[in-house]
Protein chains: 2
Amino acid sequence: MTKTLDQTDRRILTILQQDARLSADALAERVGASRSSIQRRLKRLNETGVIAKEVAQIDPEQVDDQMTFVVEVELERERVDLLDEFKRSMMALDEVQQCYYVTGQADFVLIVLAKDMKDYDRLTRQVFVENPNIRRFATSVVVDRVKASLRVPITD
Amino acid sequence: MTKTLDQTDRRILTILQQDARLSADALAERVGASRSSIQRRLKRLNETGVIAKEVAQIDPEQVDDQMTFVVEVELERERVDLLDEFKRSMMALDEVQQCYYVTGQADFVLIVLAKDMKDYDRLTRQVFVENPNIRRFATSVVVDRVKASLRVPITD
DNA sequence: AGTGAAACGCTAATGGC
DNA sequence: GCCATTAGCGTTTCACT
């Protein structure tokens, strides 16, 4: 909880967000510390959950022709139990890459992946249209995935 | 370009999207192949760019108290050179975690991180308000980051 | 063509000092 | 920060199919 992340920690995190395959030696050189120091820090950063996980980023176009959609969802009533139920259903759907509960006219903003429009249509019918708790949803089709990361800016 | 990814490749990709730290031995066991086969596949998947990179996912709350914003941006005129200029400026901004060029009333949807409202306000003044090419932008504040990944669903 | 098994040297990570 | 041990990696070779 009490995260005293010093400058070295922050530099490590900045680097690992771009490339998690770097060895402790390479990191040591870049941030100006010894390898053992780096490894102790890495262990701590992993154990405390600052580094949540390391994942491979896949090029969507090379796997299947995947389309991306931005979806705004407005619920009928904002009851806590219904909100939670909606959140849980979004968590469970592989096609929903991201889900944000937001202020403003919409209640949720989603990033959704699907193979094609037909596939997307099938998904929305299943998840939104047949859900009486959803007042409306608006879809934007992503033409260009200009930038897509989960990178957190870290000032050191 | 489009390699035929077989079932084993797809399983590997699915697993690595959740945890890129697994050893070739561990992968071999999970997908039912030998270590050498896995390593040959990994090499190919990396060289062809199917696996674009491996990155560490940081818990934003443990680094700084970061707020997340969803921003819709509408440009004044959709001239190709102006679109490209806007895309480039988004690429360059660390605070812009994601940027999608979309169909619909908005031209772009952004996911933006900032320390607080003041910080966000400063950013928008700089990037949007003082840009004559931007007709309007609408901000939603993220209350709950329900789900945030870049995971591409891979059916095998 | 790709697979699985074995073996090579090397680099990197781990835990104790 | 250093050292010794262990683990994992990258590669090659070979027989198989």
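Just so we're on the same page: letters track the sequence lines, and every chain starts at 1.
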Please determine whether a side-chain nitrogen of the Lys or Arg among Asp121(A) and Lys118(A) lies less than 4.0 Å from a carboxylate oxygen of the Asp or Glu.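 Salt bridge absent between Asp121(A) and Lys118(A).
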Looking at Lys87(B) and Asp144(A), is any side-chain nitrogen of the basic one under 4.0 Å from a carboxylate oxygen of the acidic one?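 Looking at Lys87(B) together with Asp144(A), the answer is yes, because their closest N to O distance falls below 4.0 Å.
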Protein-nucleotide distance ([X], atom [atom1]; [N], atom [atom2]), rounded to Å:
X	N	atom1	atom2	value
Glu54(B)	dC9(D)	CD	C1'	13 Å
Asp9(B)	dG2(C)	CG	P	11 Å
Asp6(B)	dG2(C)	CG	P	10 Å
Gln39(A)	dG1(D)	CD	C1'	12 Å
Ile38(B)	dT3(C)	CD1	C1'	11 Å

Looking at Thr68(B), is its backbone amide N or carbonyl O close enough to the side chain of Gln97(B) to form a donor-acceptor pair, meaning the two atoms are under 3.5 Å apart? no
Would you say Asp64(A)'s side chain and Gln66(A)'s backbone share a donor-acceptor pair under 3.5 angstrom?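 Not at all, since once roles are kept as given, no pair shorter than 3.5 Å links the two residues.
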Separation of Ile111(A) CD1 from Cys99(A) SG (nearest 0.5 Å): 10.0 Å
If I take atom CZ from residue Arg145(B) and atom CG from residue Leu113(B), how far apart are they, to the nearest 0.5 angstrom? 7.0 Å
Structure string for DNA chain D in dot-bracket form, Watson-Crick and G-U at under 3.5 Å, | interchain: |||||||||.|||||||
Near DNA chain D, counting only heavy atoms under 4.0 Å, which residues of residues 12-35 of chain A show up? Ser34(A)
Less than 3.5 Å apart, which donor and acceptor atoms pair up between the side chains of residues 50-57 of chain B and the rest of the protein, not counting sequence neighbours?
| residue | atom | partner | partner atom | Å |
| --- | --- | --- | --- | --- |
| Glu54(B) | OE2 | Arg21(A) | NH1 | 3.0 |

Once base and sugar-phosphate atoms are separated, protein heavy atoms under 4.0 Å mark nucleotides 12-17 of chain D, 5' to 3', with B, S and - as ------
Under the 4.5 Å side-chain heavy-atom rule for ILVMFWY, direct or indirect, which residues accompany Leu150(A)?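 Under the 4.5 Å side-chain rule, Leu150(A) groups with Leu150(B).
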Of the non-hydrogen atoms in Val96(B) and Lys147(A), which two are nearest, and what is the gap between them?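 Closest approach of Val96(B) to Lys147(A), heavy atoms only: O-NZ, 3.0 Å.
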Pairs flagged by side chain to side chain donor-acceptor pair (under 3.5 Å) wherever residues 99-108 of chain A is involved - sequence neighbours left out: Glu78(A)-Tyr101(A), Gln98(A)-Tyr100(A)
Can a donor-acceptor pair be found between the side chains of Ser37(B) and Arg41(B) at a distance below 3.5 Å?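 Present: a donor and an acceptor within the cut-off.
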